[in-house]
Amino acid sequence: MEPTISDPWGDRFSEAERALLAPFVTDVDAPVFGLRNLPDVVCGALFSRYSRSDKSLRRILLDEFIQAPEADFHAIVALSADAAAHQIVAVHRAEAFYERVLIGYGDDSVAELGGAHVACEGVSNIAAKALEDSRIGISPLEKSTRYVAFNRKVEGRYRYLREAAIMASRHARAYETAMDTLFDTYSALIEPTLAAVRARTPREPGVSERAYASATRARTFDLLRGLLPMATLTNVGLFGNGRAFEYLLTKLYASPLAELQALATALQRALDDQIPSFVKRAKSERGRAYQAYLRETRQEVQTLAAAAAHRLAEVDSASPDVTLVAFDPDADIRVVAAILYPHLDSSLADTRALAEAMTADERMRLIRAYAGRRASRFHRPGRAFEEARYTFDLLADIGAYRDLQRHRMLTQERQRFGVQHGYVVPPEIDEYGLGAPFRAALDQAGEVVSAIAADLPEEAQYAVPFAYRVRWRVTLNLREAYHLCELRSAPQGHPGYRRIAQEMYRQIAAVHPLLAEGMRFVDMNDYALERLDAERRLDEKRRKLSEEQQVNE
Ligand SMILES: Cc1cc2nc3c(=O)[nH]c(=O)nc-3n(C[C@H](O)[C@H](O)[C@H](O)COP(=O)(O)OP(=O)(O)OC[C@H]3O[C@@H](n4cnc5c(N)ncnc54)[C@H](O)[C@@H]3O)c2cc1C
């Protein structure tokens, strides 16, 4: 069966609107399309709107850029429609020439010299995670479950993937019923949750209604996101270079899921209109061999792992959420040697011997000097801190996983989304008296997941709500731990991942107190309204900007 991509947001454009859009997108209709003929800053601004908007990117481009007088769009983008219309044709016509010059050069890294902006609309959260499971070379931006309500219906139907294999199976009805119940419950709980949040944390004097409304809405959506299933459709914008896209395409083509295979084809089409020479290999004979390699090794290892699995005890879901499984016992020697190394002429072996011969006090002084007087979390210690590595086993709700997965510098891999580890209901939901419908919807989905998993284990993942827990492993170095623990414990973060970041910090500090000493910006407090301070700062920025504009006028 030919996999299909669902129609995303039911947006319809008039002929006049299509004509306005055409010069700037590689396709006016396809859910996966590239941006073209736009300055990078406009592409960046457009993608950043994904985070807080329920609209399609083409609608945002029309309403908030092309047709918004204050955007001064036509002054920024001086391009005739005719010239733009010929551009894609020209790219394809010149392809052979560029290929000779570029790929003929024989160096893979040449494909990093061109980049593209691509919008992937109406993709499931399973697909969003696959797109974002990329490291350096791809920069994703995704519609946020914190700022956008996910209960809009298009043509009377909630926006979740009716996954082809599930819909063709005996589970189709139960799947749709459970997904609809999740979205109905999410929808029905928005107003009572918002009212309870507002009652619990009344507006203080000096806080604007705008800041308070934003912070309380964000809190509400944070509390309810556990009801959303992985099938929930979302938007992801990607900026990346050709080489990173080639690998991403290869992985998607090799996926066992039909949605991801279809996404690979759609993504390839959009990239072929922008940087064809750089992504061509993903579908070449060489690319297909690579896909086969990925597919075959996965299948073979899966068979071996399944054969070994019976020697395991029962699934243990009672283990702690954050477990430091491994760390370097000689981390401070390794770090001290790496600190000294660029300042000496000796070999690494001799430098290490010197580090070992130093007194603990001398080593302490050196590590403290290296971490230095950090005035903010943006002051990062250097690469010597990459010598200390930590491996964590994490077990947390999928909502928290979705956020932490975004750290590209980590080595991380998850297990299948499922329901065997139970779910997490935010305590406030019970305190507000809303626990019963919340749990009922999760339980119903849980039963459906188990039933589907017996026949379609990969596809069953679509039915798993974000409140269910998933296990994943993370290996990170100390330098990245500084970044992650400080960023992800910031007051405006979601409580789910703030707690994990705080706990990771605690466990690193327990084994390496001196190395963790410089992590001064980990925030260990709890907050009732995470977004409020950030919204207050936004008010302040807006006020200053409008004052500056008045001065300039
Ligand atoms: C409060 C909060 C709200 C958020 N809201 C949203 C949202 O609404 N939508 C959304 O999509 N995401 C959101 N994010 C996620 C965010 O966009 C990042 O994906 C996430 O913080 C991880 O990326 P990072 O750059 O911080 O760290 P890592 O990916 O771990 O990278 C570590 C560091 O390496 C460097 N680096 C990594 N990759 C590159 C690169 N390609 N080019 C240059 N330097 C690089 C940077 O210095 C980076 O800080 C949010 C994050 C936070 C903390």
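Start at 1 and go down the list; that is how both ligands and their atoms are numbered. Quick caveat, the model's predicted, so the values are computed rather than measured. Basis for what follows: all heavy atoms, side chains included, without hydrogens, waters or symmetry-related copies.
- Taking all heavy atoms of H494, R406, R408 into account, the minimum distance to atom 13 (C) of ligand 1 is reached by R406.
- A donor-acceptor contact closer than 3.5 angstrom links the side chains of Q268 and Y253.
- Heavy-atom neighbours of R389 CZ from other residues, nucleotides or ligands within 6.0 Å: at or below the threshold of 12.
- Checked by distance only, ligand 1 and E480 come closer than 3.5 Å through their nitrogen or oxygen atoms.
- Set against the non-hydrogen atoms of L487, the atoms of ligand 1 under 4.0 Å away are 21 (O), 26 (O), 53 (C).
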Show which side-chain atoms of residues 133-141 pair as donor or acceptor with protein atoms under 3.5 Å away, not counting sequence neighbours.
residue, atom, partner, partner atom, Å
S134, OG, L131, O, 2.9
R135, NH1, L410, O, 3.1

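- Surrounding CD of E413 are at most 12 heavy atoms belonging to other residues, nucleotides or ligands under 6.0 Å away.
- Counting only non-hydrogen atoms, the option in E142, R498, H407, R135 that gets closest to atom 9 (N) of ligand 1 is E142.
- In summary, the atoms of ligand 1 found under 4.0 Å from a heavy atom of S144, numbered by their order in the structure, are 8 (O).
- Salt-bridge check for R49 with D63: failed, with every basic side-chain N at 4.0 Å or more from each acidic carboxylate O.
- By the neighbour-count criterion of 12 heavy atoms within 6.0 Å, atom CZ of F65 is densely surrounded, having more than that number from other residues, nucleotides or ligands.
- One finds no salt bridge joining D526 and R499 here, because no Lys/Arg side-chain nitrogen approaches an Asp/Glu carboxylate oxygen to under 4.0 Å.
- No salt bridge links K55 with D11; every basic N to acidic carboxylate O contact stays at or beyond 4.0 Å.
- Heavy atoms of H483 found under 4.0 angstrom from ligand 1 belong exclusively to the side chain.
- Contacts with ligand 1 closer than 4.0 Å are made by no heavy atom of L484, backbone or side chain.
- Between atom 15 (C) of ligand 1 and the options R402, R488, Q405, E132, the minimum heavy-atom separation is to R488.
- Those atoms of ligand 1 that come under 4.0 Å of a heavy atom in S51, given as number and element, are 7 (C), 8 (O).
- Ligand 1 has no N or O atom lying under 3.5 Å from any N or O atom of R146, backbone or side chain.
- For residues 369-384, the set of pairs meeting the side-chain hydrogen bond (donor to acceptor under 3.5 Å, both in side chains) definition, not counting sequence neighbours, comprises R374-E486.
- The part of Y497 lying near ligand 1 is the side chain, judged by heavy-atom distances below 4.0 Å.
- At under 3.5 Å, a nitrogen or oxygen of R380, whether backbone or side chain, sits near a nitrogen or oxygen of ligand 1.
- Below 4.0 Å from some heavy atom of I136 lie the following atoms of ligand 1, by number and element: 37 (C), 38 (N), 39 (C).
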